[in-house]
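Heads up: the structure comes next, in structure tokens.
Position 1 is the first residue of the sequence, and the numbers go up from there. Being a predicted model, the structure only gives us computed values, none of them experimental.
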Amino acid sequence: MKYCSGQIKYLVAIKELSEADEYVRCVSISRHLGVSRPCVSKTMRCLANSGLVYEDFCNSVVLTPKGKEAVEEILRNFNETYVFFHKFLKLSPEEAHAQALIFITDFPEDTCERLKKIVQRTINKKNS
């Protein structure tokens, strides 16, 4: 993955918020991530400059096709990591979500891929 941990957190937040509401505003992202509005504005500018969100993020934050593709790439690792923390380590859904996000943002991508494969193999064995 070629995105920094901050970009990943924001992209996941935008995706999650957009599933709950048609319009994602900077204030919603601020509340969701527990960060200041100026911090959100600064990161939105960075995401816009990277072509991940549309420039007019002041009214509503919208992922570009490149941003949507990036989120899908991120969530491929996130989903299996979430399953690991929730099903294997028995963390609550909220804790598993937070831990999975930390894991995919702070650990190398190849480590995430290895965990993903282990989780998939274990699930496949259980289903057999």
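- Taking the charged nitrogens against the carboxylate oxygens, R76 and E113 have no contact shorter than 4.0 Å, which rules out a salt bridge.
- A donor-acceptor pair under 3.5 Å is formed between the side chain of S18 and the backbone N or O of I14.
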> When you look at D21 and L17, which way does the side-chain contact (heavy atoms from CB on, under 4.5 Å) test go after all the steps?
Replying inline: CA-CA 6 Å; D21 194 359; L17 290 167; over 6 Å; no
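- S50 places a side-chain N or O within 3.5 Å of a backbone atom of C46 that can act as its donor or acceptor partner.
- Residue pairs meeting the ring-ring contact (aromatic ring centres under 6.0 Å, His included) criterion with at least one partner in residues 60-79, sequence neighbours excluded, are F78-H97.
- Legend: residues meeting ring pair (Phe, Tyr, Trp, His ring centres under 6.0 Å) with Y82, ordered by chain and number and at least two apart, are H86.
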>> Assess the residue pair Q99 and L91 against the criterion (side-chain contact (heavy atoms from CB on, under 4.5 Å)); give the C-alpha distance rounded to whole Å, side-chain angles, the decisive distance to 0.1 Å, and a yes or no.
In response: CA-CA 9 Å; Q99 294 298 316; L91 297 179; 3.9 Å; yes
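- Contact check for L115 versus C112: no side-chain heavy atoms found under the 4.5 Å cut-off.
- Legend: ring-ring contact (aromatic ring centres under 6.0 Å, His included) pairs involving residues 25-47, not counting sequence neighbours: none detected.
- Applying the ring pair (Phe, Tyr, Trp, His ring centres under 6.0 Å) rule to F107 yields the partners F103; only residues at least two apart in sequence or on another chain are considered.
- Listed by chain and residue number, F84 satisfy the ring pair (Phe, Tyr, Trp, His ring centres under 6.0 Å) test with F88 (two or more places apart in sequence, or in another chain).
- Among residue pairs with one or both ends in residues 23-44, none qualify as salt bridge (Lys or Arg N to Asp or Glu O under 4.0 Å); sequence neighbours excluded.
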>> Run V71 and E16 through side-chain contact (heavy atoms from CB on, under 4.5 Å) and show every step you take.
In response: CA-CA 10 Å; V71 169; E16 291 172 347; over 6 Å; no
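- Sorted pairs that involve residues 86-97 and meet salt bridge (Lys or Arg N to Asp or Glu O under 4.0 Å), not counting sequence neighbours, are lacking altogether.
- Not counting sequence neighbours, R114 has no partner by the side-chain hydrogen bond (donor to acceptor under 3.5 Å, both in side chains) test.
- Nearest heavy atoms, S36 versus S30: C-OG, 3.8 Å.
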Report, one line per pair, each donor and acceptor closer than 3.5 Å where one atom sits in a side chain of residues 4-13; sequence neighbours left out.
{"from": "Q7", "atom 1": "OE1", "to": "C4", "atom 2": "N", "distance (Å)": "3.0"}

>> Run M44 and I29 through side-chain contact (heavy atoms from CB on, under 4.5 Å) and show every step you take.
In response: CA-CA 10 Å; M44 288 302 105; I29 297 169; 4.2 Å; yes
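- Residue pairs meeting the side chain to side chain donor-acceptor pair (under 3.5 Å) criterion with at least one member in residues 57-66, sequence neighbours excluded: D56-N59.
- Summarising the geometry, atom CG belonging to N79 is positioned 11.5 Å from atom CD1 belonging to I74; distances are rounded to the nearest 0.5 Å.
- L89 and V83 fall within a single hydrophobic cluster, where Ile, Leu, Val, Met, Phe, Trp and Tyr side chains are chained together by heavy-atom contacts under 4.5 Å.
- In the hydrophobic clustering, V62 connects to Y54, either directly or through intervening members, whenever side-chain heavy atoms lie under 4.5 Å apart.
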Name every donor-acceptor pair, under 3.5 Å, that has one atom in a side chain of residues 118-126 and the other anywhere in the protein, sequence neighbours excluded.
{"from": "Q120", "atom 1": "NE2", "to": "E80", "atom 2": "OE2", "distance (Å)": "3.2"}
{"from": "T122", "atom 1": "OG1", "to": "I118", "atom 2": "O", "distance (Å)": "2.8"}
{"from": "N124", "atom 1": "ND2", "to": "Q120", "atom 2": "O", "distance (Å)": "3.2"}

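- Distance check, rounded to the nearest 0.5 Å: OG1 of T43 to CG of L33 gives 9.0 Å.
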